[in-house]
Protein chains: 2
Amino acid sequence: MKTLRLTSSDRAILINLRFFSRLPRTAQEAILEGATVSTHEAHDTLFRQDDPIDDVLVVLSGLVRLYRLGKDGREADVAVFQKGELIGVNAMFLDRRATANAQAAEPSIVARLESGKLRQLAAEDTGVAQALLELLCHHGKMAEDCLAEDRLLTAPQRVANYILSHCPIGSESFSFRLPFQKNVLAGKLGLAPEALSRAFSTLRRSGVVVKGRMIEIRDRQALEQF
Amino acid sequence: MKTLRLTSSDRAILINLRFFSRLPRTAQEAILEGATVSTHEAHDTLFRQDDPIDDVLVVLSGLVRLYRLGKDGREADVAVFQKGELIGVNAMFLDRRATANAQAAEPSIVARLESGKLRQLAAEDTGVAQALLELLCHHGKMAEDCLAEDRLLTAPQRVANYILSHCPIGSESFSFRLPFQKNVLAGKLGLAPEALSRAFSTLRRSGVVVKGRMIEIRDRQALEQF
DNA sequence: GAAGTTGTTTGATGCGGGTCAATTCATGAC
DNA sequence: GTCATGAATTGACCCGCATCAAACAACTTC
């Protein structure tokens, strides 16, 4: 892990965050002022469950995996964060302890914003609070989706869903590149890597072509009703 | 379904809500003014997934189950709300559509608060926004817990966990009454009723005595390490 | 290039829990 | 009390997926 200064493209990412754009310029500067940046190797741990955390993390590049540990040492992913996403907003308004472990899933750069300052801003500026409310509601919806998927769908169905969520509406056939390793996708979907692999091979019969990280869809209909 | 007036004990429940107590008295009155109350039989549907909803629901008595439907008609619970809990806060700050179906799981009374008014209050008063932020973060944590449990624990472990969560710290043996039917508990834990039943019978060997809705714990240690 | 490392696929096996069906148990209605 | 309805349990069966092990593929590193 290495500590850096904010580059101008980092600043661009931060400034484009929903809640950031609501801030008066002076507040923006105040936040950026206190921000630190660090780089991490794949598998680096950013924080551990129950650690006290006083920052909100923003992924500037790479990928961060949030997971809990079972008593037997097994890991279960609860979220995966990509560029531009915020980690630790929950903790900021609760007991300021991490509810899970965070680990870089690939070489990553993250910014740390002082959560004390953010809390204060939210308490002073309803626009900031509003933006955070919307963010949290969005998180809430995602979590609900995830839980429902886990409970209702089989492995191939979850994968089909994931693929469709990347399909622009209206297009009948298309292709895209997985934004991360299949490894990580498996965790995100609550599957063992082997199960993901088998799910892909099941979906081949429905017109899904997988070549490395490239996914190609030939028959959207077939996927939808899987 | 029948529409009622607010009783004084209903008012007491509402006024004790975390975010409510932050409001100036005039705002409290404004909210209560616009509130409606309705009673529901068990199995009544309060709203359906994708319905536009313009209210936040507060459970005054009884129990409300929130669930999603699978393509095959199977139901998966995403949350269960008891007296004093708020339903539909997410929707209020998103697209104002229900993300799931809501159903009374037993005879229930719910209040409906105008979400437009609430949103406005949150936009004007940072104290209200703050309270909602805390509420949502709490919801977020619960959802994360739930997801992690689903992915890490077996049925008996989930049940053991549930029981322990009702155990006052420090007490080695104790007993309590399930706050709802086993039916509902099963759904909440993501289990079929049969699986819950079997889990209970597995836990008997660890000193859990089940008689109707009464649960008795004889050996806390055994439960914790299950 | 060769050789090690890490990610992915495939096969064989076992466990957990969903589903269906049949009882047993509770709870009320009359 | 009897009967009826719904809840909870128990057994039998099966399917989905985790797990273990091994073969492969794709990148590094030298």
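Just so it is clear: chains get the letters A, B, ... in the order the sequence lines come, proteins before strands, and each one is counted from 1.
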Exercise. Return each pair, listed once, that meets salt bridge (charged side-chain N to carboxylate O under 4.0 Å, His left out) where at least one residue sits in residues 154-175 of chain A; pairs must be two or more places apart or across chains.
Key: Asp150(A)-Arg158(A)
Quiz prompt | Divergence of helical axes at both termini of the helix from dG1(C)-dC30(D) to dC30(C)-dG1(D) - five pairs an end, 10° steps | solution = 40°
Quiz item: For every nucleotide of nucleotides 5-16 of chain C, 5' to 3': is a protein heavy atom under 4.0 Å from its base (B), only from its sugar-phosphate (S), or from neither (-)?
Solution: --SSSBBB----
Quiz prompt | For Arg11(A), salt bridge (charged side-chain N to carboxylate O under 4.0 Å, His left out) partners two or more places apart | solution = Glu29(A)
Practice problem: Could you list the residues that satisfy ring pair (Phe, Tyr, Trp, His ring centres under 6.0 Å) with His166(A), not counting sequence neighbours? | Solution: Tyr162(A), Phe176(A)
Quiz prompt | Pairs flagged by side-chain hydrogen bond (donor to acceptor under 3.5 Å, both in side chains) wherever residues 87-100 of chain A is involved - sequence neighbours left out | solution = Thr99(A)-Glu144(B)
Self-check item: For Glu114(A), all residues meeting salt bridge (charged side-chain N to carboxylate O under 4.0 Å, His left out), sequence neighbours excluded
Solution: Lys117(A)
Which atoms of nucleotides 23-30 of chain D (N or O only) lie under 3.5 Å from a protein N or O atom, and what are those distances?
none

Quiz item: Got a sec, which pairs hit ring-ring contact (aromatic ring centres under 6.0 Å, His included) with one end in residues 135-158 of chain B, sequence neighbours left out?
Solution: none
Self-check item: Within residues 214-226 of chain B or reaching into it, pairs that qualify as salt bridge (charged side-chain N to carboxylate O under 4.0 Å, His left out) - sequence neighbours excluded
Solution: Glu216(B)-Arg218(B), Arg220(B)-Glu224(B)
What side-chain donor-acceptor pairs closer than 3.5 Å can you find for residues 182-206 of chain A, not counting sequence neighbours?
unit_1    : atom_1 : unit_2    : atom_2 : d
Lys182(A) : NZ     : Gly212(A) : O      : 3.1
Ser201(A) : OG     : Arg198(A) : O      : 3.3
Thr202(A) : OG1    : Arg198(A) : O      : 3.0

Please list, one pair per line, the donor and acceptor atoms closer than 3.5 Å that link side chains of residues 54-67 of chain A to other protein atoms, with sequence neighbours excluded.
unit_1   : atom_1 : unit_2    : atom_2 : d
Arg65(A) : NE     : Gln103(A) : OE1    : 3.2
Arg65(A) : NH1    : Asp77(A)  : OD1    : 2.4
Arg65(A) : NH1    : Asp77(A)  : OD2    : 3.4
Arg65(A) : NH2    : Glu75(A)  : OE1    : 2.7
Arg65(A) : NH2    : Gln103(A) : OE1    : 3.0

